[in-house]
Amino acid sequence: MSSTISTALPAASEAPSGLPTGRDVPRVLSIAGSDPSGGAGIQADLKSIAAHGGYGMAAITALTAQNTRGVQAVHVPPAAFLAQQLDAVSDDISIDAVKIGMLGDEAVIRTVRQWLEKVRPAVVVLDPVMVATSGDRLLKESAEAALRELLPLAHLITPNLPELAMLVGGEPAESWVAALDQGRRLADATGATVLVKGGHLAGTECPDALVNTAGLLMQDVVEVQGPRISTRNSHGTGCSLSSAMATVQARLGDWEASLRTVKPWLAGALESSGQLEVGQGNGPVHHFHHMRPALEEGGFAALLWAEAQQDLAAIYALDFIHGLASGDLAETDFAYYLAQDALYLNGYSRVLARASALAPSEAEQLFWAGSARQCLEVESELHRSWLSTRPARNGLGPVTKSYVDHLTAASASGSYAVLAAAVLPCFWLYAEVGEKLHARFLASGEPDGHAYAAWLRTYADEGFAEATRQAIAIVDAAGRKASDHEREAMVTAFKQSCRLEVEFFDAPRLHS
């Protein structure tokens, strides 16, 4: 009797971002051939091991002359030298997992078998490299019998469908059902778990299955579904999959969990393969697609500043800003702006206090707390002195409410980085606009009677400029440390605040 469990796999973009628990850095030995083009064999294995947090080692069984268009020649060094390589590694280093790939000839296979029987690694993944993706044969026919004798020493066997057919003495499966049947036969014959791969089948789906034998009466098949990735760049896919499985299994000790970790990574590696632009034929996969390049200091701030340019341009185009710069702005409009700003600053100061509570360092706690106090003491004094002698409509305006609600929501998100990004435009855009307007004011000779000179001097103040630089540095550091998801949320919160800054400056026109 057999039981089949079919479970859909998340898309590549939903793959788990954390590495499994267990040994922090698995020590993984690849026993395989060399590919000078870097896409398959030892080279692919070492990249795959590193991509999953392992320490890769290599014993070379064969040298090939190949590239993305095919294999031109194979040279197999003396098996005695391979034995020396294997002994040199295992005599000195504890090996957590072994991946076996291209073996070349019978003498090499016999050497590897003797070493396995002596060392008995805890995890052995055997990729029976017999036929390359290009169709080139990579194992001499005389060595096939020796390879079959080696299979029972593996814990996981990962053939492609042509190799699976060769190992069970049949024709390559043309359906998933036929492939699973051949996988069961190989599992029965070897006692190992067989990873049946659907990559050579037609269709939009690309399933994989772990076929486990538990004796003559029972077998379990665990299917993991996934989308087929349309790309010609599949050079070294089998090597990469098997070495990744060995690395992750050394952490997890569970083949199904390992496959559910590795499969979406490989799908992403295939999806991103075109970025490499390697070779004119069947190119390699992108092993490190999931590792984003580190941002240099100032890099995240530069990204945010680029996002703010459209909103800054919109601010400079507003009639309110032109009137403020010239001094011709109607007092009723400025009074409405100041009244709303006073209400805004009350809510803003509370949000800054929340940022202080969430801040990871004492310096940042003090900065945000000082900024909150500044809102209430300095800026608010300007509002009170102006509004005490001029009438203004009271009540929270719709834009002011939207802005405060947005910041309050950011403060309730629990993410310090997102909150810091959300409050930054009130520093950065105000400082930028204030500096530009004050420069125009100075260029005009600081005319007597300019109604808004005090406001312009306040926001061109060096103390405010220094506070803005500190806020930018804090957000930049938080953004460089953030995960992809949190970084995206930071950008979204920042852009929303920038948009609300535009609307806030334009609100007096809408309520005049």
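For Asp35 (side chain) and Ala40 (main-chain N/O), a donor-acceptor pair under 3.5 Å exists by modelled atom type. A distance-only check finds a donor-acceptor pair linking the side chain of His406 to the backbone of Ala493 [under 3.5 Å]. A donor-acceptor contact shorter than 3.5 Å links the side chain of Ser243 to the backbone of Ser240. Here the side chain of Arg480 pairs no donor or acceptor atom with the backbone of Ala301 at under 3.5 angstrom. The main-chain N or O of Asp254 is found under 3.5 Å from a side-chain atom of Gln249 such that the two form a donor-acceptor pair. Of the possible donor and acceptor atoms, none in the side chain of Thr68 sits under 3.5 Å from a partner among the backbone N and O of Gly283. Side-chain N or O atoms of Glu364 include none that pairs as donor or acceptor with a backbone N or O of Glu362 at under 3.5 Å. Counting only distance, with no hydrogens or angles, the side chain of Asn282 and the backbone of Ser234 share a donor-acceptor pair below 3.5 Å. Under the 3.5 Å distance criterion, the side-chain polar atoms of Ser497 are matched with a main-chain donor or acceptor of Ala422. Side-chain N or O atoms of Glu307 include none that pairs as donor or acceptor with a backbone N or O of Lys495 at under 3.5 Å.
Residue Glu297 places its CD atom among 12 or fewer non-hydrogen atoms of other residues, nucleotides or ligands, all under 6.0 Å distant. The local environment of CD in Glu205 is crowded, with over 12 non-hydrogen atoms from other residues, nucleotides or ligands closer than 6.0 Å. When the shell of 6.0 Å around CD of Gln72 is examined, it contains more than 12 heavy atoms from other residues, nucleotides or ligands.
His290 NE2 to Ser272 OG: the interatomic distance, rounded to the nearest 0.5 Å, is 10.5 Å. Summarising the geometry, atom CG belonging to Leu345 is positioned 10.0 Å from atom CG belonging to Leu338; distances are rounded to the nearest 0.5 Å. Note that the CG atom of Leu419 and the CZ atom of Arg354 stand 8.0 Å from one another [nearest 0.5 Å]. Considering CE of Met102 and CD1 of Ile42, their distance stands at 11.0 Å, rounded to 0.5 Å. Put simply, NZ on Lys99 and SG on Cys239 are 4.5 Å apart, with the number rounded to the nearest 0.5 Å. Here Asp341 contributes atom CG and Asn346 contributes atom CG; the two are 11.5 Å apart, rounded to the nearest 0.5 Å.
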I would like to know whether Ser356 and Gln365 meet side chain to side chain donor-acceptor pair (under 3.5 Å); could you show each step before the answer?
-> CA-CA 4 Å; Ser356 177; Gln365 291 170 7; 5.7 Å; no
Do Val125 and Thr158 pass the side-chain contact (heavy atoms from CB on, under 4.5 Å) test, and can you show the C-alpha distance, the side-chain angles, and the key distance before you say yes or no?
-> CA-CA 7 Å; Val125 176; Thr158 64; 4.0 Å; yes
Give the C-alpha distance, both sets of side-chain angles, the deciding distance and a yes or no for side-chain contact (heavy atoms from CB on, under 4.5 Å) between Glu501 and Gln496.
-> CA-CA 9 Å; Glu501 286 287 340; Gln496 176 68 354; over 6 Å; no
Going through the distances and angles, do Met57 and Val28 end up as a side-chain contact (heavy atoms from CB on, under 4.5 Å)?
-> CA-CA 6 Å; Met57 301 168 284; Val28 184; 5.8 Å; no
side-chain contact (heavy atoms from CB on, under 4.5 Å) between Ile93 and Arg27: does it pass, once the steps are laid out?
-> CA-CA 8 Å; Ile93 302 169; Arg27 296 157 297 198; 4.3 Å; yes
Go through Trp176 and Glu223 one step at a time and tell me if the side chain to side chain donor-acceptor pair (under 3.5 Å) criterion holds.
-> CA-CA 11 Å; Trp176 184 236; Glu223 288 188 33; 3.3 Å; yes
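Considering only heavy atoms from C-beta on, Val423 comes within 4.5 Å of Leu407 through its side chain. Here the side chains of Leu304 and Trp428 are in contact, with some heavy-atom distance below 4.5 Å. When side chains are defined from C-beta on, Asp96 does not count as touching Tyr55, because their heavy atoms never get closer than 4.5 Å. Counting heavy atoms from C-beta outward, Val404 and Arg350 have side chains that stay 4.5 Å or more apart. Here the side chains of Glu271 and His289 are not in contact, with every heavy-atom distance at 4.5 Å or above. Considering only heavy atoms from C-beta on, Tyr316 comes within 4.5 Å of Val433 through its side chain. Put simply, the side chain of Leu276 reaches to within 4.5 Å of the side chain of Pro284, judged on heavy atoms. When side chains are defined from C-beta on, Leu259 does not count as touching Thr261, because their heavy atoms never get closer than 4.5 Å.
Just one of Arg228, Lys197, Lys263, Arg260 meets the salt bridge (charged side-chain N to carboxylate O under 4.0 Å, His left out) condition when paired with Asp208; it is Lys263. Each of Tyr348, Phe505, Tyr344 was scored for a ring-ring contact (aromatic ring centres under 6.0 Å, His included) with Tyr403, with one residue passing: Tyr344.
Checked against the 6.0 Å centroid criterion, the rings of Phe504 and Tyr337 qualify as a close aromatic pair.
Scanning for salt bridge (charged side-chain N to carboxylate O under 4.0 Å, His left out) contacts around Arg469 gives Glu462, Glu466, with sequence neighbours left out.
Nearest heavy-atom pair across Ser415 and Glu486 is OG-OE2, 2.5 Å. Summarising the geometry of Ala59 relative to Leu29, their closest heavy-atom pair is N-CD1, 3.9 Å, with the distance given to 0.1 Å. For the pair Asp333 and Phe320, the tightest heavy-atom approach, listed with the atom from each and the gap, is O-CE1, 4.1 Å. For the pair Leu329 and Leu324, the tightest heavy-atom approach, listed with the atom from each and the gap, is CB-N, 3.9 Å. For Gly299 against Asp476, the heavy-atom pair with the smallest separation is N-OD1, 3.4 Å. The shortest non-hydrogen separation linking Leu437 to Ala325 is CD2-CB, 3.7 Å.
Using cut-offs of 30° and 60° for the angle between ring planes, the His287 and Trp265 rings count as tilted.
Donor-acceptor pairing under 3.5 Å is recorded for the side chains of Ser30 and Asp45.
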